[in-house]
Enquirer: 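Pasting a structure here, questions to come.
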2 protein chains.
Amino acid sequence: MNISRASDYAIRGLVYMAKQPAGTVCFVKDIAKNTNSPASFMSKIFQTLAKSGIVHSFIGTKGGFTFNVQPENITIKTVIEIIDGPILLNRCAVNKSACNEIDNCDVHYMWADIRKILIKALNAYSIADFAKDKKNNKEVLSEVINF
Amino acid sequence: MNISRASDYAIRGLVYMAKQPAGTVCFVKDIAKNTNSPASFMSKIFQTLAKSGIVHSFIGTKGGFTFNVQPENITIKTVIEIIDGPILLNRCAVNKSACNEIDNCDVHYMWADIRKILIKALNAYSIADFAKDKKNNKEVLSEVINF
DNA sequence: AAAATATAAGACAAATTTTATCTTAATTTG
DNA sequence: CAAATTAAGATAAAATTTGTCTTATATTTT
């Protein structure tokens with residue numbers, strides 16, 4: 001029950017970009033250095049982010065990456081799904097046809113339920129939230145939502 | 001961002017047990033058969049569950065497993081943590097010392113926040129909930145909690 | 001006491017996923 | 001043309017997950 005290192009790197013890389021002046025073209029080399037991640041791995045990750053459309057890539061000298069979608073509109077859920085694929089939790093969380101017990105699965109509704117909650121939480125934070133002053137980065141949701 | 005097959009099997013196995021008359025001693029062989037899981041793998045899983053104390057094991061002819069904790073008091077979170085270990089989400093979710101950016105981690109609070117919500121959701125369902133009539137097994141939380 | 005049955009424990013192994021790395025190509029700038 | 005940078009894909013190392021197998025131990029039945 002963890003996110004991948006790759007998603008973690010992606011989020012940190014995008015946060016680094018969001019901290020630069022708007023429109024700055026960022027090199028993978030710098031993104032990697034500032035997030036303590038392997039440059040070659042980060043390069044792969046940003047290729048994937050570029051293919052998804054949330055960042056734009058420029059080849060050549062002075063090439064690099066810029067945001068193609070505003071950091072305010074890139075949620076944590078978006079990033080995780082681009083890098084790791086859909087959030088399923090277990091095999092039968094989304095549709096019954098994927099469940100090996102088909103119509104008779106006991107835990108189907110539970111996982112669908114927990115998945116909904118998790119996705120809402122992951123969508124509640126955007127990349128832009130982390131480029132702001134850190135003292136605002138408190139545990140917002142879990143204080144507001146008491147269940 | 002998935003739970004392991006092992007946790008899935010564990011939950012299904014415990015649900016199967018909860019459906020039997022209270023106090024029934026269940027064989028791994030039967031638990032595995034009724035959950036479409038490999039018996040030898042399920043055996044390992046139940047060893048772990050027994051070591052944790054939530055089930056009791058009996059060796060020998062007529063041996064097997066019974067609940068040691070009431071199914072009402074075994075939550076999904078409990079099972080997942082027994083089988084897969086603590087729910088962390090990312091490396092810095094729990095304590096800052098585990099974070100590679102130490103005092104300067106941008107995403108620390110977010111992950112701690114999302115983790116809290118997820119754990120609450122996983123604790124909201126118990127094994128006993130799935131032994132009941134299936135039409136009660138609707139998506140309860142996500143309808144109640146609107147955030 | 002012996003035979004049958006079931007879990008315990010741990011070594012072993014296969015499969016899958018994650019985490020990279022490396023090389024070659026393509027593109028842009030100067 | 002030279003330098004810098006991403007693109008793409010092959011490859012590989014490492015870690016984790018998913019299982020299997022064997023031997024031991026305990027219990028019940030005969």
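Just so it is clear: chains get the letters A, B, ... in the order the sequence lines come, proteins before strands, and each one is counted from 1. Values reported hereafter were calculated over all heavy atoms of this structure, with side chains retained and with hydrogens, waters and symmetry mates removed.
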Enquirer: Could you pick out which residue, A:Phe27 or A:Gln47, lies toward the 5' side of DNA chain D when each is mapped onto its nearest nucleotide?
Expert: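 On the 5' side of the pair lies A:Phe27.
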Enquirer: Once you apply a heavy-atom cut-off of 4.0 Å, does B:Phe46 come out as touching a base, just sugar-phosphate, or nothing?
Expert: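 No contact.
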Enquirer: So do A:Val28 and A:Phe65 actually touch side chain to side chain, heavy atoms under 4.5 Å?
Expert: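 The answer is yes; the side chains approach within 4.5 Å.
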Enquirer: Give the residues of residues 53-66 of chain A touching DNA chain C, defined as any heavy atom closer than 4.0 Å, sorted by residue number.
Expert: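 Contacting residues: A:Ile59, A:Gly60, A:Thr61, A:Lys62.
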Enquirer: Round to the nearest Å and state the distance from B:Ile3 atom CD1 to D:dT16 atom C1'.
Expert: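 After rounding, the gap between these two atoms is 16 Å.
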Enquirer: OP1 or OP2 of C:dT19 versus the side-chain N and O atoms of A:Tyr9: is any pair under 4.0 Å?
Expert: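 So the side chain of A:Tyr9 is outside the cut-off, no N or O lying under 4.0 Å from OP1 or OP2 of C:dT19.
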Enquirer: Name the nucleic acid region contacted by B:Lys44, choosing base, sugar-phosphate or nothing; use a 4.0 angstrom heavy-atom cut-off, strictly under.
Expert: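 Base, at least one base atom sits under 4.0 Å.
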Enquirer: Look at the rings of A:Phe130 and A:Tyr125 and say which category their plane angle falls in: under 30° parallel, 30 to 60° tilted, over 60° perpendicular.
Expert: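 A:Phe130 and A:Tyr125: parallel rings.
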Enquirer: In this structure, how many angstroms lie between the P atom of D:dT16 and the CD1 atom of B:Ile83, rounded?
Expert: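 The distance from CD1 of B:Ile83 to P of D:dT16 comes to 17 Å, rounded to the nearest Å.
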Enquirer: Counting distance only, does the side-chain N/O of A:Thr24 pair as donor-acceptor with the main-chain N or O of A:Pro21 below 3.5 Å?
Expert: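 Side chain of A:Thr24 to backbone of A:Pro21: a pair is present.
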Enquirer: Which whole-number value in Å describes the distance from B:Asp84 CG to D:dA15 P?
Expert: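 It works out to 19 Å between those atoms.
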Enquirer: Roughly, in whole Å, what's the span from CE in A:Met42 to C1' in C:dA20?
Expert: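 Computing the A:Met42:CE to C:dA20:C1' distance gives 13 Å.
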Enquirer: Do B:Phe27 and B:Leu14 sit in one hydrophobic cluster, given that two such residues count as connected whenever their side-chain heavy atoms are within less than 4.5 Å of each other, even indirectly?
Expert: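 No, B:Phe27 does not connect to B:Leu14 through the hydrophobic network.
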Enquirer: Can you tell me the distance, in whole Å, between the CZ atom of A:Phe41 and the C1' atom of D:dT6?
Expert: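 Rounded to the whole Å, the gap is 17 Å.
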Enquirer: Output the rounded distance in Å from CG (A:Asn2) to C1' (C:dT18).
Expert: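 Going from A:Asn2 (CG) to C:dT18 (C1'), I get 12 Å.
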Enquirer: Could you tell me whether the side chain of B:Asn68 and the main chain of B:His56 form a donor-acceptor pair under 3.5 Å?
Expert: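 No.
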Enquirer: Counting heavy atoms from C-beta on, name the nucleotide in C:dA20, C:dA6, D:dT18 closest to the side chain of B:Arg5.
Expert: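 For B:Arg5, the side-chain atoms sit closest to D:dT18.
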Enquirer: Side chain of A:Asn2, backbone of B:Leu89: donor and acceptor closer than 3.5 Å?
Expert: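 A pair under 3.5 Å: yes.
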Enquirer: Rounding to a whole Å, what distance do you find between A:Asp30:CG and D:dT6:P?
Expert: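 So the two atoms are 9 Å apart, to the nearest Å.
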Enquirer: Identify each donor-acceptor pair in which a side-chain atom of residues 69-81 of chain B lies under 3.5 Å from a protein atom, sequence neighbours left out, and give them as a table.
Expert:
from, atom 1, to, atom 2, distance (Å)
B:Thr75, OG1, B:Lys77, N, 3.4
B:Thr75, OG1, B:Thr78, N, 3.2
B:Thr75, OG1, B:Thr78, OG1, 3.0
B:Thr75, OG1, B:Asn123, OD1, 2.7
B:Lys77, NZ, B:Glu81, OE1, 3.2
B:Glu81, OE2, B:Ile87, N, 3.1

